[in-house]
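Atoms within each ligand, like the ligands themselves, are counted from 1 in listed order.
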Amino acid sequence: MMKKRIFALLMLVIVLAGCKAGGVDFSIETAPSHKYGQSFPIVIKAVEGSEAVTGLEITANLEMAKMDHGEIEVHFTNNGDGTYEGEVELPMAGEWIAEVQAEKDGETYEGTLEFDVEEE
Ligand SMILES: [Cu+2]
């Protein structure tokens, strides 16, 4: 019984360490604004430690934090400097969440980003 627990704990430590070593961190560089009938740029930055990560294929699903507007899928283009740009027409200003999915050389990375959308 004890042995099993120690083994499970060890596995957890290995998994956590593994995640950290190969992790890509995402952040919102530019949040989109909101204005009826208009789309705005959204820019995501990808880093591994302090290094910019280029060459990712990024898609994000956007949803409001406290309201259901469904999900809005955004595809991003690689700017080549660790930033990725998409364009989106959102239904309203407020708190939004982006579920980021990225892929590079068969590896996948994920991140959840919260950001505020201001009325323009
Ligand atoms: Cu809303």
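Protein-derived N/O/S atoms nearer than 2.8 Å to the Cu ion (ligand 1) total 4, waters excluded.
With rounding to the nearest 0.5 Å, the separation of OG1 in Thr59 from NE2 in His75 is 5.0 Å.
When Thr30, Ile97, Ile44, Ile42 are each tested for a side chain to side chain contact (heavy atoms under 4.5 Å, CB included) with Phe115, only one passes: Ile42.
Contacts of Glu95 classified as side chain to side chain contact (heavy atoms under 4.5 Å, CB included), with partners at least two apart in sequence or in another chain: Ala65, Lys66, Asp116.
Taking every heavy atom of both residues into account, Ile28 and Ala31 meet most closely at CG2-N, 3.7 Å. The two residues Glu119 and Ala93 come nearest to each other via the heavy atoms OE1-CB, 3.6 Å.
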>> Working note: Thr83 + Glu29, criterion side chain to side chain donor-acceptor pair (under 3.5 Å); need CA distance, chi angles, decisive distance, verdict.
In response: CA-CA 8 Å; Thr83 65; Glu29 182 104 321; 5.7 Å; no
